[in-house]
Asker: 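There's a structure below that I have some questions on.
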There are 2 protein chains.
Amino acid sequence: MATNRVTLADVARSAGVSQTAASFVLSGRGAEMRISADAQERVRRAARETGYRPNIVSRSLRTGTSHTIGFVSDTVATTPFAGHLIWGALDAARERGHLLFICETEGDPDLERELIDAMHDRGVDGIVLASMYTRKITVPRALINGPAVLLNAVASNRSPIPSIVPDETDAGRTAAGVLLDAGHTDRIALIGAAPPRQTPKGSLAAVQRLQGIAETLDRAGVAMLDAIPCPEWQPRSGYEATRRLLEKTTPTALICFNDRLAVGAYQAISDAGLEVPEDISVVSFDDDLIADWVRPGLTTVALPHYELGRKAVHVLLDGGHDRSTGADARPAIHKIAMPLRTRDSVRVVAAAASEPPPGPGEVLGSPGPREVLGPSGPREVLGQT
Amino acid sequence: MATNRVTLADVARSAGVSQTAASFVLSGRGAEMRISADAQERVRRAARETGYRPNIVSRSLRTGTSHTIGFVSDTVATTPFAGHLIWGALDAARERGHLLFICETEGDPDLERELIDAMHDRGVDGIVLASMYTRKITVPRALINGPAVLLNAVASNRSPIPSIVPDETDAGRTAAGVLLDAGHTDRIALIGAAPPRQTPKGSLAAVQRLQGIAETLDRAGVAMLDAIPCPEWQPRSGYEATRRLLEKTTPTALICFNDRLAVGAYQAISDAGLEVPEDISVVSFDDDLIADWVRPGLTTVALPHYELGRKAVHVLLDGGHDRSTGADARPAIHKIAMPLRTRDSVRVVAAAASEPPPGPGEVLGSPGPREVLGPSGPREVLGQT
DNA sequence: TCCAGGTGCTAAATCGGATCAGCACGGGCG
DNA sequence: CGCCCGTGCTGATCCGATTTAGCACCTGGA
């Protein structure tokens, strides 16, 4: 810090009023506190001419609000895919005049406690506790020392802290809907579906995506052809599962439970001498980087990282009022829509019966009414050097 | 902030001493200030039992040091590749009891100024101004209001601010050395070399890498076969350049100026019916994610992002003393070694004449004495979902 | 006996704003 | 003439630490 910062006392002296008056004027309470228009003008001019900026540290000491938020993540911060969580939080914080402390716990509970405490020591207005993938977590005790929200996570223990998570169930509906809308009313198989026990620890995506898919297919009276579980959601597993599926039967559409599984599925389909989407359509989840790299581009239901980050900050800053809405004591769980990214992996077989006939210009691609575009898409990812 | 935080006054009261005495004890100046062993013990016990934690906001107001650092980047924060810059800074800061404010300017000078000011308003101890790729930047005026360092950037205007950059010249020496050590003493071509004017604006890598390469080849008496410039360092350019090269002549080794160019070169080599490394060896720079994905794995000189981030924080916190070392008024430029990542893209033709004969177990791979391993390699990058 | 010097602490000021509790002045009214 | 009230401000206190200045007591030497 430079030693020559202009203080409120300087401004007051230069305007010929008391520090109190200057404070009132600059905090917008001039009229309310009956400061004359003339004096107000003098104060404002002095502030402008001296380049006065209020010292937030001292304000924070007195008022207890620091215009600062803590962002504590397990490993999100330096992870390529979910850096958008931070980006959204950063943007929302800036819009509302806040700055973000960011740190990583690396999954270590002691470190987590230490970092949360360090943030409280610095008087943060609240803490965003973020998880790299959507899951249940046990809320650390240190968090109760102030306002907080859970980002990409829900509390496994009882806790009054609100959560922000992607709407995975609706994503399941969207994925199934894409196929239905494109006229696939038969021979739809699932890659990566797993009974709840076989799912990554605490992960919610597997269960909820399946639920949304099943609900939508049921409602349309479409039976599932098959559902192959995968031990882990990696390309290799997707490859194995799809190969086994193709040995048994011939699907015309696949719903893969994430993009990495879908990449494996692509490989297996190709190995079987078939093509996407001519022989088999593929829909998936996440909108991983690879979804745009594979050919044909993968139609997928995107994790709305940017929006999740934004929402977390907004809920945190507007927080506490959640409890007044409704009489239930359970903490709010805010679900963020997962937008569909339409690419080239779904073949349009026929317009869906339930859809209005397509207009002249929109024969191909058929996004249909299910497409939900995120309020602002991610920026292009840049290379290094 | 919770209302029931324990304050120093509480501790003092509970220990039966004055707040002054308590402050002395807890700041480690108890003996110096002649507080009796008994009183010291009482204070420490009270602090422990009440769970006292000093309020950094108030300390900051009094002492002007907030144990807080600002990290201002253009777009680094949410970029997959260079998130390691932040990770290194985060680790170093935590080791020294500091927390990081992180923000992105998106290249907008107004936003940059606004964010730097916002950080100064919060009493940061210093600011790290980071750039996504190594380049010259004009140091914003707002930065002179406190200690600062430039990360991955050097000042184009006169400025007393120290810089932390990768040692690109030495990286050039390393890349050329890898080939020489593997016995390539002929037919070495460069892909991506460019006259200074044709280089990305302000980028230093092109010039310095070339300088190191040329110096090392010269010293070994090896003439360059050819050097093809590339308008931009992307796979397509690398592909085009290599294709043109292969039409003219037949190199046995390529030095590509970054990994993306090398990926293009791989493609062109394959199209020409040749193989890496049997027909043509390839060395490159950056250690981009793709360097480990392509087959054969690409031997490359890594950008030491993690170390750069660490060093920036250390220089910042130890700063100001730079000027005293040496009589020259120019700001310090700290160059961080770029470690070699040996993979499988370089064929060993023969042990280099200048090298000692290889030991029994190390016939292949020949890392040689040039290999510099970073103090701690990057963690594995995790997927999402 | 007196005082210098050491021991073991404490009162009060300070950092820069926010805020509570008034205070001086002028005009209108009874 | 005295009182009340609205206008337009100001003094003092507070937030929670750090730090300067200094005070009371005791011991030992002259």
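Numbers restart at 1 for each chain; the letters A, B, ... are given by sequence-line order, proteins then strands. Side chains included, hydrogens not; waters and symmetry mates left out as well; all remaining heavy atoms used.
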Asker: More than 12 foreign heavy atoms under 6.0 Å from CZ of A:Arg94: is that the case here?
Answerer: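 Yes, enclosed.
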
Asker: Rounded to 10°, tell me the angle between the two end axes of the helix from C:dT1-D:dA30 to C:dG30-D:dC1, each built from five pairs.
Answerer: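 End-to-end axis angle for the helix from C:dT1-D:dA30 to C:dG30-D:dC1: 90°, rounded to 10°.
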
Asker: Quick check on DNA chain D: between A:Ile35 and B:Thr7, whose nearest nucleotide comes earlier from the 5' end?
Answerer: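 So the residue in question is A:Ile35.
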
Asker: Enumerate the residue pairs fulfilling salt bridge (charged side-chain N to carboxylate O under 4.0 Å, His left out) with a member in residues 50-61 of chain B, sequence neighbours excluded, ordered by first and then second residue.
Answerer: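 Checked against salt bridge (charged side-chain N to carboxylate O under 4.0 Å, His left out) - neighbours excluded - the pairs reaching residues 50-61 of chain B are A:Asp117-B:Arg53, A:Asp121-B:Arg53.
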
Asker: Applying side chain to side chain contact (heavy atoms under 4.5 Å, CB included), can you list everything that pairs with A:Ala47, at least two apart in sequence or on another chain?
Answerer: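 If we apply the side chain to side chain contact (heavy atoms under 4.5 Å, CB included) test to A:Ala47, skipping adjacent residues, the hits are A:Val11, A:Leu26, A:Tyr52.
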
Asker: Of all of residues 10-20 of chain B, which get a heavy atom below 4.0 angstrom from DNA chain D, listed by number?
Answerer: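 B:Gln19, B:Thr20, in order of number.
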
Asker: At a cut-off of 3.5 Å, list every protein nitrogen or oxygen paired with a nitrogen or oxygen from nucleotides 23-27 of chain C, distance to 0.1 Å.
Answerer:
none

Asker: Give A:Ser36 one of three labels, base, sugar-phosphate or nothing, depending on what nucleic acid heavy atoms sit under 4.0 Å from its own.
Answerer: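 Contact class for A:Ser36: sugar-phosphate only.
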
Asker: Hey, does the side chain of A:Arg59 come within less than 4.0 Å of C:dA18's phosphate (OP1/OP2), counting only N and O?
Answerer: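 A:Arg59 to C:dA18 OP1/OP2: side-chain N or O found under 4.0 Å.
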
Asker: Using a heavy-atom cut-off of under 4.0 Å over every strand shown, decide if A:Leu8 touches base, sugar-phosphate, or nothing.
Answerer: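 Here A:Leu8 touches the backbone only, sparing every base.
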
Asker: Heavy atoms of chain B, cut-off under 4.0 Å: which first and last nucleotide of DNA chain D, 5' to 3', fall inside that, if you could look?
Answerer: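 In short, chain B contacts DNA chain D from D:dG16 to D:dT20.
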
Asker: With the threshold set at 4.0 Å, does a side-chain nitrogen-carboxylate oxygen contact exist between B:Arg135 and B:Asp74?
Answerer: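 Counted as a salt bridge, because a side-chain N and a carboxylate O are separated by less than 4.0 Å.
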
